[in-house]
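The structure appears right after this line, and notes come after that.
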Amino acid sequence: MQSASRSYDPHPSYEPVDGQVTVGWSAAVTALPQGPLVLAVDGPAAQDWGALADDLSTAVRLSGRETRLLDVRSHHAPSASERIAARPHPAGDHFFTPLSQARAADLFDAVPRPQRPADDGVLLVFGPGAALCEPDVLWYADLPKRYAESAVAKGELPVGANLGRPDEPGDLVRLFYTDWPVLDRHRDMLVGRVDRWIDMQDPAAPASLDGAALRGTLEHLAHGPVRTRPYFNSTPWGGQWAASELGFTPQAGNTALGYELIAPEAGVLVGEKGGAQVEVPFQLLCVEHPQDMLGEEVHRRFGTSFPIRFDYLDTMGGGNLSLHLHPRERYMREVFGWPYTQHETYYVTASEKGAQVLLGLTEDADPGVMHSQVEQAITDGTPMPVQDHIQTHPATEGQLFMIPAGTPHASGAGNLVLEVSATPYLYSLRLYDWLRKDAAGASRPLPYEHGFANLDTARRGEDVVKDLIQQPRTLRAGEGWREEVIGALPEMFYAVHRLVVSPQAGIPDDTAGRFHILNVAAGQGAVIETRDGRTHFLAFAETITIPAAVGPYKVHPVGDDEVRIVKALVVEP
């Protein structure tokens with residue numbers, strides 16, 4: 001197994017354009033214009049708004065200006081919680097809820113319209129939806145989503161952490177399906193007029209960047225290679241690879257899920273290396289510069305949604321993933337509200353001896369028998385004979401497994417899988433979880449009726465091997481390099497390629513109007529060179545986005561070993 005602990009960068013960062021990151025409320029307050037004004041601070045619900053308002057108002061008063069406070073949460077309508085909520089389908093199945101289509105304005109019966117204070121005073125309007133109050137100055141105070149997820153795992157998400165629910169304990173399902181869709185849309189509409197972006201990861205010393213510098217930096221990043229900040233979550237099946245090889249510290253004993261690039265949650269660090277930084281949502285690059293990031297055709301097809309994700313599934317020293325599948329296209333759209341579905345692929349980056357991937361139905365699989373056995377496992381704790389129904393395949397390093405929507409699958413224990421997938425990530429329809437219990441002794445929810453409603457029974461037996469475990473096909477080649485197609489299917493909107501580059505060689509490439517994503521799957525690393533003179537190092541196991549606007553670029557290997565780079569791109573419809 002190859003180690004990357006010396007070169008993998010868990011905190012990639014980029015310097016701001018025409019500005020600098022400052023730390024502390026006093027530095028931010030100093031930049032406020034003189035005269036009476038309404039200052040709005042908007043942002044996500046799952047942070048301590050009371051403490052933020054107290055600290056900021058104190059800084060304003062210390063600057064010599066009178067301050068009054070208006071908490072917009074007190075103006076949310078009594079019916080706001082129900083008004084914005086996504087509705088479970090079927091009723092009662094709250095674990096797999098459609099995404100809310102509500103707007104931040106739906107939180108209010110009437111948005112408050114505060115008057116400017118007298119003299120040189122500041123009226124501080126704060127909380128989710130504050131920007132709707134037509135302020136003179138708009139700040140956005142952000143807290144990356146992983147903080148709320150971590151708080152849920154620890155049982156620490158406070159009362160009032162969900163939109164429109166000031167007196168109820170925080171709830172993860174509500175965050176995923178209601179709060180985040182509503183507030184992401186709201187944030188995306190605001191970015192063009194935000195006067196200051198504030199990072200609240202350290203509430204005692206918030207880091208911030210002027211709005212003009214934020215937008216200038218987004219424009220710059222949309223024209224060159226860019227990495228997002230990676231992190232790992234723990235789950236009951238998780239392994240130890242990222243802890244031992246990349247140096248990540250497990251939150252709960254393992255590094256199961258590695259978020260290399262999952263656009264709805266990914267962030268880009270902006271600021272001086274080792275100094276003050278703000279984390280900016282990757283999605284803002286697509287909102288502000290959709291054609292530069294995605295390409296004209298991809299933008300037309302997916303809007304501002306970045307449609308491909310890269311993440312790791314670490315079961316090294318862990319257990320099998322649950323047997324699951326993902327919604328098929330129409331079901332995903334009509335039941336869950338995503339405009340495109342969750343096709344996946346598994347690329348085996350590393351594996352232990354004897355490790356397997358479960359994929360596809362056996363020739364004789366009987367869905368009716370499967371259904372009965374799933375129910376027996378849930379009600380009676382009877383183990384399901386999974387291999388009677390699902391094929392197992394050797395987890396050979398470098399092999400790609402195609403997993404179109406509706407295909408039952410799981411990564412087995414002893415694997416490091418690079419999951420190259422469509423961006424939707426909330427709808428894993430689990431059928432069986434090996435009778436596993438969590439730390440509290442509870443079983444994971446198994447939405448098996450959703451799963452069986454989406455099970456593709458047509459592809460089975462030898463067709464699984466022929467269609468879904470493809471052999472590399474050389475697409476183009478030159479001296480010391482080649483590009484291979486390692487996975488493509490008519491029903492999947494993206495393809496997975498592999499760049500194979502010998503030491504001392506270099507492979508030319510071109511986005512040709514649509515973004516690329518690269519991951520160093522073998523070798524020490526590579527250097528990416530663009531036509532405008534930018535260079536970016538990419539270490540083993542790291543992932544990077546090449547925006548559509550980059551055009552021609554070249555990849556050079558680092559070190560004395562052959563480098564293998566997994567590449568994904570949207571293909572012609």
Side-chain angles (χ1 to χ4, degrees), residues 9-23 28 31 138-140 142 144 187-199 207-230 260-261 263 265-296 298-299 304-306 308 310 509-518 526-539 542-555 569:
D9 185 0
H11 301 287
S13 62
Y14 303 87
E15 292 191 4
V17 174
D18 295 331
Q20 65 179 21
V21 176
T22 59
V23 177
L138 173 60
W139 292 358
Y140 195 91
D142 195 40
R187 175 205 64 202
D188 293 352
M189 292 176 62
L190 300 179
V191 65
R193 60 187 183 93
V194 165
D195 296 298
R196 182 164 293 274
W197 184 272
I198 305 167
D199 186 319
S208 65
L209 182 65
D210 172 80
L214 168 69
R215 287 180 287 275
T217 303
L218 291 173
E219 182 177 12
H220 177 75
L221 293 175
H223 289 80
V226 58
R227 278 191 68 211
T228 57
R229 182 193 189 280
E260 282 287 307
L261 172 60
E265 297 195 25
V268 179
L269 292 173
V270 175
E272 184 180 351
K273 193 73 172 177
Q277 296 178 339
V278 296
E279 186 169 339
V280 179
F282 175 82
Q283 181 61 28
L284 295 186
L285 287 164
C286 302
V287 169
E288 285 290 278
H289 303 281
Q291 293 196 20
D292 291 329
M293 283 297 298
L294 302 168
E296 183 177 355
V298 179
H299 172 44
T304 59
S305 176
F306 193 85
I308 299 177
F310 274 44
D509 211 335
D510 193 330
T511 60
R514 57 189 63 215
F515 70 88
H516 294 170
I517 309 176
L518 307 181
V527 173
I528 300 163
E529 295 182 353
T530 67
R531 62 181 170 183
D532 65 356
R534 300 192 204 187
T535 61
H536 202 302
F537 177 72
L538 194 65
E542 292 182 344
T543 300
I544 199 163
T545 301
I546 312 296
V550 167
Y553 65 97
K554 198 166 187 178
V555 180
L569 70 163

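Owing to the predicted nature of the structure, the values given are computational and were not obtained by experimental measurement.
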Which heavy atom of [X] sits nearest a heavy atom of [Y], and at what distance?
X      : Y      : answer
Arg227 : Tyr14  : N-OH, 2.7 Å
Asp510 : Gly551 : OD1-C, 3.2 Å
Ala222 : Met293 : CA-SD, 3.7 Å
Thr530 : Pro225 : CG2-CD, 3.7 Å
Glu15  : Val270 : C-CG1, 4.5 Å
Thr511 : Ala548 : OG1-O, 2.7 Å

Out of curiosity, [X] [atom1] to [Y] [atom2], how far, rounded to the nearest 0.5 Å?
X      : Y      : atom1 : atom2 : value
Leu209 : Thr217 : CG    : OG1   : 5.5 Å
Ile544 : Leu518 : CD1   : CG    : 7.5 Å
Gln283 : Thr228 : CD    : OG1   : 12.5 Å
Ser208 : Gln20  : OG    : CD    : 10.0 Å
Asp509 : Leu569 : CG    : CG    : 9.0 Å
Leu218 : Asp292 : CG    : CG    : 11.5 Å

Determine whether [X] and [Y] make a side-chain contact, defined as any pair of heavy atoms from C-beta on separated by less than 4.5 Å.
X      : Y      : answer
Phe537 : Asp9   : no
Leu214 : Tyr140 : no
Pro230 : Phe310 : no
Ile517 : Glu260 : no
Arg196 : Thr22  : yes
Glu296 : Val298 : no

Task: Set of side chain to side chain donor-acceptor pair (under 3.5 Å) partners for Glu265, sequence neighbours left out - done: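 With sequence neighbours excluded, Glu265 shows a side chain to side chain donor-acceptor pair (under 3.5 Å) to Tyr231, Tyr425, given in chain and number order.
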
Side-chain donor/acceptor of [X] to backbone N/O of [Y], under 3.5 Å:
X      : Y      : value
His223 : Glu219 : yes
Asp195 : Trp139 : no
Arg193 : Gly211 : no
Arg534 : Ile528 : no

- [ ] Return the set of residues passing salt bridge (charged side-chain N to carboxylate O under 4.0 Å, His left out) with Asp142 (not counting sequence neighbours), or none when no residue passes.
- [x]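 Not a single residue meets the salt bridge (charged side-chain N to carboxylate O under 4.0 Å, His left out) criterion with Asp142.
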
Open item on the list: Name the residue from Thr304, Val268, Asp188 that meets the side-chain contact (heavy atoms from CB on, under 4.5 Å) definition with Leu284.
Closed with: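 Going through the options one by one, the only one that passes is Asp188.
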
TODO: Inspect the surroundings of CG in Asp18 and state if more than 12 heavy atoms from other residues, nucleotides or ligands are less than 6.0 Å away.
DONE: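 Count not over threshold, so no.
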
TODO: Give the intermediate values and the outcome of side chain to side chain contact (heavy atoms under 4.5 Å, CB included) for residues Gln277 and Val21.
DONE: CA-CA 6 Å; Gln277 296 178 339; Val21 176; 5.6 Å; no

Open item on the list: So if I apply the side chain to side chain donor-acceptor pair (under 3.5 Å) rule between Tyr553 and each of Glu529, His516, His536, which one comes out positive?
Closed with: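 Going through the options one by one, the only one that passes is His516.
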
